[in-house]
Amino acid sequence: MLFVSSVIVLPVAALWALRWAVRHGEFKNLDKTALSIFDDEEPVGRMTDRFPDAPRNSKPSRS
Amino acid sequence: MNSDPHAKPPTPTGGVADLATADPREHIEPGEAQRPMTMSYVLFLCAFFAWGGYYTQRYSADYGALSYDENAGIGSGKVVAAKPVDPYVLGKRLFENVCAKCHQPDGLGLPGQYPPLVGSEWAQAAGPARMIRIALDGLQGPVTVKGLAFNNNMTPHRDALNDQQIAAILTYVRTQKEWGHKASPVAPEEVAAIRAKTKDRAALGSWTAAELLALPEHEPKP
Amino acid sequence: MNYGPIIFLGIFLTIASSWLGLVLAPQIQFGRQQEIKIEETGEVYPPVRPGLAQQGMEIYKANGCIYCHTQQVRTEGYGADIARNWGQRRTVTRDYLHDKPVMLGTMRTGPDLTNIGVRQTSVLWHLQHLYDPQITSKGSIMPPFRFLFEKRKAGDKPSPDALALPKEFAPEAGFEIVPKQEAKVLVQYLLSLKANAPLPEAK
Amino acid sequence: MSATSPSILRALSPADSGDEVQQRALLAEIDASCRGTLMLFFGASVVWLLIGTAFALITSWKMHSPNFLADISWLAFGRVRPAHLNAVVLGFASEAAIGVTLWLMCRLGRVPLMHAWMVNIAGVFWNVGLAIGIGGILAGDSTGIEWLEIPGYASPLLFVTYALIAIWGIIAFRFRREKHLYVSQWYLLGALFWFPWLYSAAQILLIMEPVRGVVQAAVNWWFGHNVLGLWFTPIGIAAIYYFIPKVLGVPVYKYSLSVIGFWSLALFYNWNGMHHLVGGPLPAWLITVSIVASVMMTIPVITVGLNHHFTMWGHFHKLKDSPVLRFMVFGGMSYTVTSLHGILLALRSVSEVTHFTHSTIAHAHQGLYAFFVMVMFGAIYYIVPRIVQVEWPSARLIRIHFWATAIGIMLYIVPLTIGGTLQGFAMINPDVPFLDLNKYSVVTMTVPYLKMRSFSGFVILVGHLAFATSFVWIVARWIKAARRPQPAQIASHA
């Protein structure tokens, strides 16, 4: 019983969720989220990791 | 230094993008508005889903609880005849996986524990009658092989091996090339005959060497 | 996607689906499978494991034998399980009804043991092999389980269950190797591993 | 010092938390709030890493010289191997995973680590439970179920930990101050939700109230595979999705791909547990469904792989300068290779050969070590300096660590995959004897490959020792720096 009812309920819930997401623009301007991990402290375009012995703002260091 | 890190594909500024955001009620395809999903990618997805459905339906043997063979319903119908295997080869396989555990892969056995088969007078007897009985119901008590005394229990293989397997093993041991054995091969029928004749032997326990030596080497024709 | 609850719903649905498909469905389909009576022999199959063998299973489990030995025979023509005489037929769900836990195993560093109780029934062989696999199977990478045996001073007459060992493995004079209870029950468990009863679904 | 965190009751009732968007916490403030907890988890994970590696070397050595430590019952092969598995999986990998998850959830939610007490208790429970569990396994109380060997008296402790951390995850998620949900957070939420369900279901259905017969194997491998698929893989991918863009300072290539990647992984990874039982005593449909799910895994793997690769496009020269990037890229590429290799292994015709052989072990290590552990190393190298405000003492040690583990794991995977496949071909050919000292037999032909694996184990050990030295050294400096009150050495990397 539980098995049969869930085989019906689950896909229906999934489709409803997908429809709701599309309705509410969950998939709109996704690429803005890609930028959400950057901010003024660590802006786009700045490397944030280097070897400890590499001089602070040097170009390539020893491999 | 190569050029700008990576050219971002041009996002459609006017046209489709604005329209989509302007009127939320209209049903919009996810992701379509901003950056068209490359068609090859969509085909890549569809191909997989199609194959998945086909494979599941074909190899699930209609989802039976007791159907283990995925090709059950699909087989071409004709039963492919099992190609006959040369008894020597079959015997070698079974010897290595069953008998070699005690008689050792080289057939020399373990001194004082398990008798050797190489050059053993039991293995080179003219007729296989005694060997078949040993293979079927085992051997107990003292026995001398190549002049060496052994006193161990050989376990019965009556229900472990069928007639064809016992015949194959005995054929292999009796005609082993590297050991230079040149005795006669054994036919499954011979094993079947003796198995029938000695079917209540299992209850009486394994043979003793004395009993076997009293029996003729060749099984008398009924 | 920025709306939490929808993501949670999706996460819930995915694992709910796999839980239903891979856990509940098998339980419904063959979780309550019963023993059956074998026509030829009239016995009920699978038999309940005798007490000693049940204790032996605890030793088998505790020492992790499943990490090198499997207990499943694949069908003829798929792998060489039956050609190597590791089994006389493929194993099916009914073979494992009384196993707690079911120890199918995933590695065959050692041979499959589903049918060891049929193809190797010698207690002495098993004890020698457990004491030191090099005795019976030279070149084996199975570790010796000497801690399942006890070395003690032999009386004037060796005790009945002293282990007969070849010279190079035997203890020095005046001592004998005697299997502890663990070794004996482990061998009883190995001898109880049989899967040769003819089952209709295992043809 | 953790920010004034709302009390539990208030935290759970969103209504009165007010709708003013609290100012997004500064990165430095977030890192500082994570310090104590994370150093507990990372420190413990380094200890478990060394213990796990020791067990691994003993196990590997016993594989080709069985008389090694043979008479110590609690070091028997069958006990050391599960001890190694649990020490590394639940010890190093899971603790590092939780440390990274906590940090990422705080960073992505722009909120300091609230209710640190809850997670600290979870950490203590975890280590105590695991120590008792592994002690139990060595004493011979293993439950006999692969991946769930921890005896019944220790596993509830571990479950309490997962539950606490999952609850913490929900609270941290509920009180995030960043509207956007970055892709890493979907994966982390997935992992935090999936694993407690998996672990509790498996414990109940296998140990407390065992189901009957082969259903146990179904539950066991539904759990076993999903430990890797729904706990380690999501956290590993979440880390890669965060660290590669963060280190490069370049956003992810095509964010919409990650939507498909996540949902296809969530759906298909769930279902492919039964490919561990191909050919086994299970109805054909169960195995077929898992094989199909395994093959369908190509979609998320290719999608995520492409996404990461194109994010790296044009920046590969930066691998030279950044240790974190090296570990992440090595992990990412290993993930793609492992998954494609795994998909091959799941096919029936391939599984006929490779099932039950060492190539399965090589694949497991490729998935767990070459992908996940390397990603965790990279994450730790990124996080620790930021939370303790002290730089890694020696770049040489980091380089030794990277090259030793990278080469070591390659030395592990390649010979064992080849050896395992040859073992498989030998095993399915009945004319090859299983064991015959003076002939080509299944057992004797695998021994040289097992010796190569032992050698690779020592190479990896060098890497781990370099990592442990680095870690101890940085902790020493941190304590020294903490005692001398002075302005933080480095705000954040220029």
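Just so we're on the same page: letters track the sequence lines, and every chain starts at 1. In what follows, every heavy atom counts, from backbone to side chain, and hydrogens, waters and symmetry copies are set aside.
Contact detail for Thr56(B) and Thr288(D): the closest heavy-atom pair is CA-CG2, 3.8 Å. Here the closest heavy-atom approach between residue Arg348(D) and residue Tyr55(B) is recorded as NH1-OH, 3.1 Å. Shortest non-hydrogen contact noted between Asp431(D) and Lys92(B) is O-NZ, 3.9 Å. Summarising the geometry of Tyr68(B) relative to Ala284(D), their closest heavy-atom pair is O-CB, 3.7 Å, with the distance given to 0.1 Å.
Around the OH atom of Tyr88(B), the shell of radius 6.0 Å holds more than 12 heavy atoms that belong to other residues, nucleotides or ligands. Atom CD of Gln124(B) has more than 12 neighbouring heavy atoms from other residues, nucleotides or ligands inside a 6.0 Å radius.
Heavy atoms closer than 4.5 Å to chain B are found in the side chain of Ile302(D), but not in its backbone. With a 4.5 angstrom heavy-atom cutoff, Ser67(B) touches chain D only via backbone atoms. Residue contact with chain B, scored on non-hydrogen atoms closer than 4.5 Å, involves the backbone of Leu435(D) exclusively.
The shortest side-chain heavy-atom distance between Val292(D) and Tyr59(B) does not fall under the 4.5 Å cut-off.
Here the CG atom belonging to Asp436(D) is positioned 7.5 Å from the CG atom belonging to Asp106(B), to the nearest 0.5 angstrom.
Under the ring pair (Phe, Tyr, Trp, His ring centres under 6.0 Å) criterion, Phe44(B) pairs with Tyr41(B), Phe48(B), sequence neighbours left out.
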